[in-house]
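See below for the structure under consideration.
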Amino acid sequence: MSENVLAVVAGKKLTEAQFEAYLKSVPREQQMYAQNPQYREQYKEQFIDLYLFAQLGKDEKMDETDEFKEIMEGARRDILAQLSMRDMLKDITVTEEEQKAFYEENKAQFGKGATVSAKHILTDSEEKCQTILKNIEAGEKTFEDAAREFSTCPSGAKGGDLGEFGKGQMVKEFEDAAFDAEIGKVVGPVKTQFGYHLIKVEKKNEPKTAEFEEVKGQIYQQLLGKKQNDAYEAKVKELKDKYLK
């Protein structure tokens with residue numbers, strides 16, 4: 001038996017190349033496991049088991065039953081349909097000129113609303129918020145140190161940093177306070193369903209239109225999908241006229 005032969009089932013050699021092809025059919029979310037030596041052995045056993053059961057089915061003449069023939073006919077139909085659709089769509093593409101033209105004609109679609117970059121401190125009572133605020137205003141603690149020490153939000157470990165966010169991403173009371181706040185000024189306590197917040201806005205970003213390079217991938221997929229859908233519908237109409245009676 002040569003090195004690349006894994007097993008011989010009823011005289012049929014199962015090779016390493018066949019096993020590698022089998023691994024490609026494993027669901028994508030399991031692909032990473034297939035590279036682990038331990039799991040790879042399990043997949044190899046499954047691969048061999050498939051041939052063992054297939055041989056059993058053949059010995060019991062299951063391939064001569066009406067059920068088998070019906071299943072095979074369905075599989076044949078599906079494979080032929082997939083191959084013909086793939087062939088029909090394979091040459092459809094989108095040029096960069098088409099992407100740029102779409103971008104220029106639809107710039108409003110790529111607008112980015114105003115955003116703020118902010119930090120916050122979250123507590124379970126207004127009194128705690130007031131005490132922390134007084135300590136910050138008196139210079140006894142920085143906002144960031146107070147966040148690390150007192151905030152009940154996980155962001156406290158990062159000095160309360162929430163990063164950049166736009167409207168609609170935070171609860172309304174928090175959002176309104178953050179967008180109305182002066183840069184660098186601590187505001188609060190602000191009550192929300194989560195508790196009481198102190199908020200410090202670090203930066204405000206005006207609305208802007210995303211650059212072409214930022215959205216070209218999105219545009220490509222959008223235009224490609226439309227072209228493919230148009231081609232599919234046109235072909236279906238052609239086929240109905242040709243084959244439906």
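None of these values were measured; they are calculated from a predicted model.
- Listed by chain and residue number, Leu83 satisfy the side-chain contact (heavy atoms from CB on, under 4.5 Å) test with Arg86 (two or more places apart in sequence, or in another chain).
- For the salt bridge (charged side-chain N to carboxylate O under 4.0 Å, His left out) condition, the pairs that include at least one residue of residues 155-174, sequence neighbours left out, are Lys172-Asp176.
- Partners of Thr142 by side-chain contact (heavy atoms from CB on, under 4.5 Å), not counting sequence neighbours, listed by chain and number: Glu144, Asp145.
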Compile the donor-acceptor pairs under 3.5 Å between side chains in residues 41-49 and protein atoms, sequence neighbours left out, one pair per line.
residue	atom	partner	partner atom	Å
Tyr43	OH	Gln30	OE1	3.0

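- Remark: Tyr39 pairs with Tyr33 by the ring pair (Phe, Tyr, Trp, His ring centres under 6.0 Å) rule, at least two apart or across chains.
- Contacts classified as side-chain hydrogen bond (donor to acceptor under 3.5 Å, both in side chains) and involving residues 127-139 (residues at least two apart or in different chains) are given here: Asp124-Lys128.
- Annotation for Leu198 and Phe143: closest pair O-CZ, 3.6 Å, computed over non-hydrogen atoms.
- For Lys12, the salt bridge (Lys or Arg N to Asp or Glu O under 4.0 Å) test picks out no residue, with sequence neighbours left out.
- Applying the side-chain hydrogen bond (donor to acceptor under 3.5 Å, both in side chains) definition to pairs two or more places apart or across chains, those involving residues 183-193 are Thr192-His197.
- Residues Glu20 and Arg40 are paired through a salt bridge, judged by an N-O separation under 4.0 Å between the basic side chain and the carboxylate.
- Residues passing the salt bridge (Lys or Arg N to Asp or Glu O under 4.0 Å) test with Glu67, sequence neighbours excluded: none.
- In this structure, the side-chain contact (heavy atoms from CB on, under 4.5 Å) partners of Lys58, at least two apart in sequence or on a different chain, are Gln55, Asp63.
- For Glu64 and Lys69, the salt-bridge test fails: no basic side-chain N is under 4.0 Å from an acidic carboxylate O.
- Remark: Glu238 pairs with Lys235 by the salt bridge (Lys or Arg N to Asp or Glu O under 4.0 Å) rule, at least two apart or across chains.
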Could you go through residues 218-232 and list every donor-acceptor pair under 3.5 Å that involves a side-chain atom there, pairing it with any protein atom two or more places apart or in another chain?
residue	atom	partner	partner atom	Å
Gln222	OE1	Gln109	NE2	3.2
Lys226	NZ	Asp230	OD2	2.9
Lys227	NZ	Thr93	O	2.8
Lys227	NZ	Glu98	OE1	3.1
Lys227	NZ	Glu98	OE2	3.0
Asn229	ND2	Glu233	OE2	3.3

